[in-house]
Amino acid sequence: MYAIVTTGGKQYKVAKGDIFSVEKLDAQPGDKVKLDVLLLNDGKKTIVDAATLAKKKVTCEVLDQYKDKKVIVFKLKKRKRYHRTRGHRQNLTKLMVSSMPTTRAAAKKADTAQDEA
């Protein structure tokens, strides 16, 4: 089971328990963040209907706020004696997926598995 979520203008494929980094969010470590879902897949059925997915959110826990590795930006205009070197470190937030929405088929399958046990 996985979902495609969006944040910071980018899309990420996530499953329950995944740890991933996104552009900096205004949250402290330990906070819960809800992300919008664009696609939901339970292994058999895929949901992409915007009206259905508008109600569903993926809940993530903020693990850390940190800076990424330095990226070197080098500009050069040959034969003009122009060159500039700059560095950039992007602020990132590390998230862990704590809960995901389920499809009806997945919820029904989980209920039957609990009844059998």
Side-chain angles (χ1 to χ4, degrees):
M1 181 174 195
Y2 68 90
I4 304 292
V5 297
T6 181
T7 180
K10 297 184 177 106
Q11 298 173 1
Y12 302 91
K13 179 180 175 181
V14 298
K16 188 169 182 173
D18 282 356
I19 296 174
F20 63 105
S21 296
V22 298
E23 287 190 17
K24 186 174 182 181
L25 299 173
D26 189 25
Q28 298 300 317
D31 290 352
K32 301 283 185 181
V33 177
K34 293 189 179 198
L35 302 177
D36 296 329
V37 179
L38 298 177
L39 179 142
L40 187 61
N41 183 299
D42 67 355
K44 294 183 180 178
K45 186 175 180 183
T46 302
I47 299 175
V48 292
D49 181 33
T52 305
L53 294 174
K55 303 168 198 158
K56 300 187 183 280
K57 303 281 184 192
V58 171
T59 305
C60 298
E61 182 180 345
V62 177
L63 298 178
D64 192 18
Q65 299 280 1
Y66 69 101
K67 283 188 162 186
D68 201 10
K69 294 179 181 175
K70 183 175 274 193
V71 176
I72 303 298
V73 180
F74 181 72
K75 296 181 179 183
L76 173 71
K77 296 196 182 204
K78 58 186 180 178
R79 296 186 299 273
K80 303 293 183 191
R81 291 188 181 181
Y82 174 84
H83 52 87
R84 295 287 179 265
T85 303
R86 298 283 183 261
H88 174 73
R89 292 184 70 189
Q90 184 68 37
N91 291 316
L92 298 175
T93 301
K94 188 175 286 193
L95 300 175
M96 182 178 76
V97 179
S98 55
S99 69
M100 292 193 47
T102 58
T103 61
R104 290 181 195 210
K108 191 182 294 184
K109 185 177 179 181
D111 289 340
T112 57
Q114 287 178 353
D115 292 341
E116 292 174 2

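Basis for what follows: all heavy atoms, side chains included, without hydrogens, waters or symmetry-related copies. Count residues from 1 along the sequence.
Under the salt bridge (Lys or Arg N to Asp or Glu O under 4.0 Å) criterion, Lys32 pairs with Glu61, not counting sequence neighbours. In terms of the side-chain contact (heavy atoms from CB on, under 4.5 Å) criterion, residue partners of Lys70 (sequence neighbours excluded) are, by chain and number, Ile72, Arg89. For Lys69, there are no side-chain contact (heavy atoms from CB on, under 4.5 Å) partners, not counting sequence neighbours. Considering only residues two or more places apart in sequence or on other chains, His83 meets the side-chain contact (heavy atoms from CB on, under 4.5 Å) condition with Phe74, Leu76. Listed by chain and residue number, nothing satisfies the salt bridge (Lys or Arg N to Asp or Glu O under 4.0 Å) test with Asp31 (two or more places apart in sequence, or in another chain). Judged as a side-chain contact (heavy atoms from CB on, under 4.5 Å), and not counting sequence neighbours, the contacts of Thr52 are Ile47, Asp49, Lys56.
Legend: side chain to side chain donor-acceptor pair (under 3.5 Å) pairs involving residues 3-20, not counting sequence neighbours, sorted by first then second residue: Lys10-Glu23. Among pairs with a residue in residues 72-84, none fulfils salt bridge (charged side-chain N to carboxylate O under 4.0 Å, His left out), at least two apart in sequence or across chains. Applying the ring-ring contact (aromatic ring centres under 6.0 Å, His included) test to residues at least two apart or on different chains, none of the pairs has a partner in residues 21-55. Applying the ring-ring contact (aromatic ring centres under 6.0 Å, His included) rule to pairs touching residues 24-47 yields nothing, sequence neighbours excluded.
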- Could you walk me through whether Val73 and Thr85 pass the side chain to side chain contact (heavy atoms under 4.5 Å, CB included) test, one step at a time? CA-CA 6 Å; Val73 180; Thr85 303; over 6 Å; no
- Under the side chain to side chain contact (heavy atoms under 4.5 Å, CB included) criterion, do Met1 and Thr102 qualify, and how do the steps go? CA-CA 9 Å; Met1 181 174 195; Thr102 58; 3.9 Å; yes
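Listed by chain and number, the hydrophobic cluster partners of Leu92 are Tyr66, where partners are ILVMFWY side chains within reach of under 4.5 Å, directly or through others. Leu63 belongs to a hydrophobic cluster whose other members, connected by ILVMFWY side-chain contacts under 4.5 Å either directly or through intermediates, are Ile19, Met96.
One finds the CD atom of Gln65 at 6.5 Å from the CD atom of Gln28 (value rounded to the nearest 0.5 Å).
Under the 4.5 Å side-chain contact rule for hydrophobic residues, Leu35 and Tyr2 do not share a cluster.
Residues Ile4 and Val37 fail the side-chain proximity criterion, which asks for heavy atoms closer than 4.5 Å. When side chains are defined from C-beta on, Leu39 counts as touching Thr46, because their heavy atoms get closer than 4.5 Å.
Across all their heavy atoms, Ala3 and Val58 have their closest contact at CB-CG2, 4.2 Å. Across all non-hydrogen atoms, the minimal contact from Leu25 to Thr93 is N-OG1, 2.9 Å.
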